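This structure is a prediction, so every number in the text was calculated from the model and none was measured.
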Amino acid sequence: MTILAEILITAKADFITARIYNYLDLFCIGYFGYIYYRETGNSVVIKAASFIFLLLGCLFIFISETNYSIMTGYLYCLFLIFISLFWLYRKISRKDEDGNILNQCFFWLSSSLLFWAVFYIFRMSPCIFLILQIVTF
């Protein structure tokens with residue numbers, strides 16, 4: 001898959017190069033959705049959230065007039081925040097035999113995804129505001 005994408009990018013195929021970051025957002029929603037789906041014991045909530053966020057991402061790509069639909073980036077961040085908090089809530093609310101939560105890999109993965117998603121939103125909001133202000137200037 002990666003080799004095919006690299007060949008298409010090298011060939012400058014417009015359908016892949018113009019929206020590659022949108023496709024990356026959709027791929028990451030599916031990827032992290034699958035990982036957390038398996039980690040949470042095949043949770044229906046994670047499966048449904050992944051499906052809904054993928055459908056909304058495809059919809060926003062389809063209706064976007066620009067090469068990068070910023071809404072897919074926000075959807076991706078909201079999805080990461082949701083699955084991270086969902087996993088943390090499940091882990092904290094249950095009495096686990098796993099011991100200390102700090103020794104679990106998914107604690108660190110969830111924490112890092114949560115921080116990344118929140119900072120992405122804080123970075124993109126002023127960026128969009130400034131772009132709109134410059135256009136009117």
Side-chain angles (χ1 to χ4, degrees):
M1 184 68 168
T2 305
I3 294 172
L4 179 63
E6 290 295 329
I7 290 170
L8 290 172
I9 290 170
T10 304
K12 296 189 179 2
D14 284 338
F15 72 93
I16 193 78
T17 55
R19 299 208 179 242
I20 190 130
Y21 294 110
N22 289 128
Y23 301 142
L24 175 66
D25 291 340
L26 293 178
F27 173 77
C28 288
I29 289 172
Y31 176 74
F32 286 116
Y34 176 75
I35 287 176
Y36 277 85
Y37 173 73
R38 301 290 294 183
E39 173 65 20
T40 58
N42 301 336
S43 173
V44 177
V45 174
I46 297 290
K47 187 177 186 179
S50 300
F51 185 70
I52 290 169
F53 277 92
L54 282 172
L55 282 179
L56 286 173
C58 290
L59 175 71
F60 285 126
I61 289 173
F62 182 70
I63 63 174
S64 175
E65 297 175 0
T66 60
N67 283 343
Y68 180 68
S69 171
I70 194 67
M71 288 305 296
T72 59
Y74 281 122
L75 278 175
Y76 174 48
C77 288
L78 290 175
F79 178 73
L80 290 180
I81 290 169
F82 173 75
I83 62 172
S84 298
L85 291 177
F86 182 78
W87 183 87
L88 287 167
Y89 172 75
R90 282 178 57 117
K91 198 50 87 170
I92 291 171
S93 67
R94 284 203 237 149
K95 303 278 189 224
D96 266 339
E97 306 85 39
D98 296 338
N100 192 355
I101 194 170
L102 296 177
N103 295 333
Q104 296 180 7
C105 294
F106 267 84
F107 169 75
W108 296 107
L109 179 64
S110 296
S111 299
S112 63
L113 290 177
L114 187 61
F115 285 131
W116 182 87
V118 169
F119 283 112
Y120 179 85
I121 290 173
F122 284 138
R123 179 181 69 103
M124 288 308 292
S125 297
C127 180
I128 294 170
F129 174 75
L130 291 175
I131 287 172
L132 294 175
Q133 292 302 318
I134 291 172
V135 169
T136 60
F137 180 63

Exercise. Any donor and acceptor pair, going by atom type alone, linking the side chain of S112 with main-chain N or O of L109 inside 3.5 Å?
Worked result: yes
Problem set entry | Nearest non-hydrogen partners of S110 and W87, listed with the distance | OG-CE3, 3.5 Å
Exercise. Which of parallel (below 30°), tilted (30 to 60°) and perpendicular (above 60°) describes W116 and Y120?
Worked result: parallel
Problem set entry | Note, F53 side chain near Y76 side chain (heavy atom, < 4.5 Å) | no
Problem set entry | Same apolar cluster (I L V M F W Y, side chains within < 4.5 Å links), V44/F86 | no
For this session: Before giving the answer on side-chain contact (heavy atoms from CB on, under 4.5 Å), spell out for L85 and F82 the whole-Å C-alpha distance, their side-chain angles and the decisive distance to 0.1 Å.
Result: CA-CA 5 Å; L85 291 177; F82 173 75; over 6 Å; no
Exercise. Is L80 close to L114 at the side-chain level, that is, under 4.5 Å between some pair of heavy atoms?
Worked result: no
Problem set entry | For the student: nearest non-hydrogen atoms of I29 and F79, plus distance | O-CE2, 3.4 Å
Problem set entry | Hydrophobic cluster membership, Y89 vs L102, 4.5 Å side-chain cutoff | no
For this session: Show your reasoning for whether side-chain contact (heavy atoms from CB on, under 4.5 Å) applies to I35 and F106.
Result: CA-CA 10 Å; I35 287 176; F106 267 84; 3.2 Å; yes
Exercise. Just how far is it from atom CG of L55 to atom CG of L59, taken to the nearest 0.5 Å?
Worked result: 8.5 Å
Exercise. What distance do S69 atom OG and Y21 atom OH have between them, rounded to the nearest 0.5 Å?
Worked result: 15.5 Å
Seminar exercise, completed: All heavy atoms of I101 vs all of F107, minimum pair found to be O-CB, 3.3 Å
For this session: Decide whether Y36 and S50 meet the rule of one side-chain donor and one side-chain acceptor closer than 3.5 Å.
Result: no
Problem set entry | Shortest non-hydrogen contact from I46 toward Y37 | CG2-N, 3.7 Å
Exercise. Which pair of heavy atoms, one from T40 and one from R90, lies closest together, and at what distance?
Worked result: O-NH2, 2.9 Å
Problem set entry | Heavy-atom side-chain proximity of C28 to Y23 below 4.5 angstrom | no
For this session: Check each of I61, L54, T72 against D25 using the side-chain contact (heavy atoms from CB on, under 4.5 Å) test, and report the only one that passes.
Result: T72
Exercise. Among the clusters formed by ILVMFWY side chains lying less than 4.5 Å apart, do I83 and Y31 turn up in the same one?
Worked result: yes
Exercise. Applying the 4.5 Å side-chain criterion to the ILVMFWY set and letting contacts propagate, would M124 and L24 be lumped into a single cluster?
Worked result: yes
Exercise. Looking only at heavy atoms, which two atoms of L75 and G57 are closest? And how far apart?
Worked result: CD1-N, 3.5 Å
Exercise. Which hydrophobic side chains are connected to Y34, either touching it within the sub-4.5 Å cutoff or through other members that do?
Worked result: none
Exercise. Is there a chain of hydrophobic side chains (I, L, V, M, F, W, Y, each step under 4.5 Å between heavy atoms) that links F27 to F62?
Worked result: yes
